[in-house]
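Below is one structure; the comments refer to it alone.
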Protein chains: 2
Amino acid sequence: MHTYEYPRPALTVDCVVFGLDENDLKVLLIERGIEPFAGKWALPGGFVNPEESLEDAAKRELKEETGVDNVFLEQLYTVGDVDRDPRERVITVCYYALVNLQEHNVEASTDASNAAWFEMDDLPELAFDHNMILEMALKRLQSKIRYEPIGFELLPKKFTLTQLQQLYEKIIGEKQDKRNFRKKLQKMGILVALDEIQKDVAHRAARYYSFDEEQYKEKKEKGFHFEI
Amino acid sequence: MHTYEYPRPALTVDCVVFGLDENDLKVLLIERGIEPFAGKWALPGGFVNPEESLEDAAKRELKEETGVDNVFLEQLYTVGDVDRDPRERVITVCYYALVNLQEHNVEASTDASNAAWFEMDDLPELAFDHNMILEMALKRLQSKIRYEPIGFELLPKKFTLTQLQQLYEKIIGEKQDKRNFRKKLQKMGILVALDEIQKDVAHRAARYYSFDEEQYKEKKEKGFHFEI
DNA sequence: CCAAAAGTGTTTCACGTACACCCATGC
DNA sequence: GCATGGGTGTACGTGAAACACTTTTGG
């Protein structure tokens with residue numbers, strides 16, 4: 001088999017960027033300016049440069065589109081059906097990212113392109129096969145958040161147990177029992193109770209906690225398994 | 001952003017083909033005839049044709065290399081580091097497949113190339129980044145086999161409970177309690193006890209079972225979750 | 001009759017689940 | 001003082017885990 005036999009498809013990366021604002025799980029979309037699908041919303045993404053790895057390309061796109069870096073990013077799936085782009089064959093390596101909207105002040109509009117955050121249960125019809133990709137990303141998030149401590153990526157460094165619980169409820173889509181949830185999380189020994197508590201709230205102030213990543217890694221080594 | 005901006009990397013698919021012979025989990029490797037890595041063992045794979053999807057390309061390679069089709073095949077991960085192939089940039093979409101070595105009579109040698117099955121705990125050093133890919137595939141298999149009924153793909157249609165248990169023990173790497181294992185599996189209600197039992201064995205003959213996929217799908221719809 | 005694997009129940013313990021009231025704070 | 005969310009303990013039931021002997025068959 002020879003190396004240069006075939007015409008080559010184009011190579012892009014797309015990013016499903018999830019963010020949690022105070023109320024909802026949201027996803028960042030870009031309004032397309034050009035055909036095909038001009039005027040439609042789409043996942044942010046772009047071409048992979050010759051000198052960067054796939055993950056670097058995804059990181060670069062993320063930085064360009066949202067201004068954030070240093071966030072959770074993981075490869076999701078690669079799509080490459082022959083006709084998914086009407087112009088020519090395009091292979092797209094998809095990633096998903098988790099950003100915390102309270103700490104990173106995400107600029108939702110960049111360059112000339114129009115960008116916006118959409119609630120997950122109020123999505124427009126997207127360009128290309130992006131609805132399908134987004135669906136896959138959501139499923140991955142929903143299952144992975146149950147057995148890896150990635151939910152913390154969506155929260156500020158300091159968070160209350162109620163915030164954490166609501167995060168799970170929003171993403172998984174089912175209510176959790178307050179006392180059982182707290183018991184379970186605290187028993188895991190990967191949260192540290194901070195001295196700080198909420199201020200200026202019209203009710204008893206909640207304690208802040210943070211996720212102890214070192215502790216988690218240590219425990220994981222010893223066979224500990226995170227599970228909600 | 002323009003469409004034709006960059007030189008394009010080559011696109012290939014590779015397959016991690018797992019098979020279970022009577023004793024061990026094995027993987028199919030191909031001995032390379034050409035540089036780079038001539039003489040080294042590598043994962044089977046090849047270029048994606050312009051008119052076939054990624055999955056079709058993987059299926060075709062699998063058929064060409066092993067003679068089997070119609071087996072479990074799932075996308076694993078896409079690798080594309082700049083220097084992973086010394087000749088030029090190559091993007092490889094990796095798949096893994098599960099084949100049953102007793103029913104499909106897999107031809108381990110095809111064409112001019114030399115192919116062979118290797119035990120998972122006696123692997124040679126592989127070409128490119130294939131050791132890493134194989135490692136990922138094994139991890140995926142080890143975790144997925146616990147929460148999806150894909151183990152059956154590695155067994156003949158009729159199998160004994162002991163075969164099933166040994167399959168899990170080999171792949172996960174820990175002994176299971178015989179009584180508890182049987183209790184759990186039978187209680188799931190996705191196995192059917194056949195009338196047939198073993199013949200010509202020098203001990204009490206074991207009953208054959210088969211996996212009831214329809215039943216499984218129905219139960220899954222209703223919220224059933226497979227878990228070992 | 002011996003070797004080798006098949007097949008079978010019960011007890012124990014840990015964990016998940018269900019559930020309701022008092023506490024602190026701002027207005 | 002009232003509205004709002006924070007924080008806490010117990011009882012119960014289910015399911016996982018540990019564990020040993022009898023049965024069948026071929027040689």
Side-chain angles (χ1 to χ4, degrees), chain A residues 20 22-24 102 145-147 155-156 158-170 172-210 219 222-228, chain B residues 20 22-24 102 145-147 155-156 158-170 172-210 219 222-228:
Chain A
L20 191 79
E22 279 162 49
N23 304 305
D24 293 287
Q102 348 231 320
I145 203 176
R146 303 187 79 130
Y147 63 87
L155 291 177
K158 302 169 184 180
F159 51 85
T160 68
L161 293 180
T162 300
Q163 277 181 295
L164 185 61
Q165 183 180 339
Q166 286 172 348
L167 163 78
Y168 275 92
E169 291 175 342
K170 281 170 201 158
I172 297 175
E174 38 190 62
K175 289 281 171 201
Q176 304 285 316
D177 179 272
K178 183 161 68 161
R179 280 178 286 194
N180 294 337
F181 184 84
R182 285 163 183 247
K183 229 184 304 171
K184 190 192 290 184
L185 268 286
Q186 284 171 325
K187 198 176 160 200
M188 284 185 191
I190 58 176
L191 295 184
V192 275
L194 305 178
D195 287 333
E196 201 175 341
I197 59 173
Q198 285 181 324
K199 279 180 187 164
D200 304 317
V201 286
H203 51 79
R204 176 170 173 180
R207 177 165 302 279
Y208 284 114
Y209 288 78
S210 67
K219 292 197 164 229
K222 291 176 191 156
F224 168 76
H225 186 64
F226 181 87
E227 184 100 47
I228 296 292
Chain B
L20 192 79
E22 279 163 48
N23 304 304
D24 293 285
Q102 347 230 322
I145 204 176
R146 303 188 79 129
Y147 63 87
L155 291 177
K158 303 170 184 178
F159 51 85
T160 67
L161 294 180
T162 301
Q163 278 180 296
L164 185 61
Q165 182 179 341
Q166 286 172 349
L167 163 77
Y168 275 92
E169 290 175 341
K170 280 170 202 158
I172 298 175
E174 40 190 61
K175 289 283 170 200
Q176 303 285 316
D177 179 273
K178 184 162 68 161
R179 281 177 286 190
N180 293 336
F181 184 85
R182 285 163 180 246
K183 230 183 304 171
K184 189 191 291 184
L185 269 288
Q186 284 170 325
K187 198 174 161 200
M188 285 185 192
I190 57 175
L191 294 184
V192 275
L194 305 178
D195 286 335
E196 202 176 340
I197 58 173
Q198 286 181 324
K199 279 180 185 163
D200 303 318
V201 286
H203 53 78
R204 178 170 174 180
R207 178 166 300 280
Y208 283 115
Y209 289 78
S210 68
K219 291 197 165 229
K222 292 177 192 156
F224 168 76
H225 185 64
F226 181 88
E227 183 100 46
I228 297 290

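Chain identifiers are assigned alphabetically (A, B, ...) following the order of the sequence lines, protein sequences preceding nucleic acid strands; residue numbering begins at 1 within each chain. Only heavy atoms go into these numbers, but all of them, side chains included; no hydrogens, no water, no symmetry mates.
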**Message:** Has A:Tyr147 got a side-chain atom pairing as donor or acceptor with A:His225's backbone, closer than 3.5 angstrom?
**Reply:** no
**Item:** N/O donor-acceptor pair, side chain A:Lys199 with base C:dT25, under 3.5 angstrom
**Value:** no
**Item:** Closest listed nucleotide, where the reference is the side chain of A:Arg204 and the choices are D:dA18, D:dG6, C:dG7
**Value:** D:dG6
**Fill in**
Of all heavy-atom pairs linking A:Glu227 and A:Lys184, the shortest is O-CD, 3.7 Å
**Message:** Quick one: does any side-chain atom of A:Lys219 pair with a main-chain N or O of A:Met188 as donor and acceptor, under 3.5 Å?
**Reply:** yes
**Complete:** Of all heavy-atom pairs linking B:Tyr209 and B:Leu161, the shortest is CE1-CG, 3.6 Å
**Request:** Using atom CD of A:Glu169 as one end and atom C1' of D:dG5 as the other, report the distance to the nearest whole Å.
**Result:** 14 Å
**Prompt:** Rounded to the Å, how far apart are A:Glu174 CD and C:dA18 P?
**Reply:** 11 Å
**Fill in**
Here the distance between atom C1' of C:dC23 and atom CD1 of A:Ile197, to the nearest Å, is 13 Å
**Prompt:** Which sits closer to the 5' end of DNA chain D, B:Asp200 or A:Gln163, going by the nucleotide each is nearest to?
**Reply:** A:Gln163
**Prompt:** Atom CD of A:Glu227 and atom C1' of C:dC15: how far apart are they, to the nearest Å?
**Reply:** 13 Å
**Prompt:** What nucleotide among D:dG26, C:dG9, D:dG7 has an atom nearest to a side-chain atom of B:Ala202?
**Reply:** D:dG26
**Complete:** Per atom distances to the A:His203 side chain, the nearest of D:dT25, D:dG6, D:dC19 is D:dG6
**Prompt:** Between C:dG16 atom C1' and A:Arg146 atom CZ, what is the distance in whole Å?
**Reply:** 13 Å
**Asked** Does B:Thr162 have a side-chain nitrogen or oxygen under 4.0 Å from the phosphate oxygens OP1 or OP2 of C:dA5?
**Response** no
**Message:** Does a side-chain N or O of A:Lys187 approach OP1 or OP2 of C:dC15 to a distance below 4.0 Å, or not?
**Reply:** yes
**Complete:** Here the distance between atom P of C:dA20 and atom NZ of A:Lys183, to the nearest Å, is 14 Å
**Asked** For DNA chain C, whose closest nucleotide is more 5', that of B:Gln198 or that of A:Asn180?
**Response** B:Gln198
**Prompt:** Would a distance-only check, ignoring hydrogens and angles, find a side-chain to backbone donor-acceptor pair under 3.5 Å from A:Gln186 to A:Leu191?
**Reply:** no
**Prompt:** Under the 3.5 Å rule, do the base of C:dA20 and the side chain of A:Arg179 count as making a donor-acceptor pair?
**Reply:** yes
**Request:** Could you state the atom-to-atom distance from OH of A:Tyr208 to P of D:dG7 in whole Å?
**Result:** 11 Å
**Message:** Below the 4.0 Å mark, does D:dG7 have OP1 or OP2 next to a side-chain nitrogen or oxygen of A:Arg182?
**Reply:** yes
**B:Lys178 side chain, from C-beta outward: closest of D:dT24, D:dG9, C:dT8** = C:dT8
**Request:** Starting at atom CG of B:Asp177, determine the distance to atom C1' of D:dA16, rounded to an integer number of angstrom.
**Result:** 10 Å
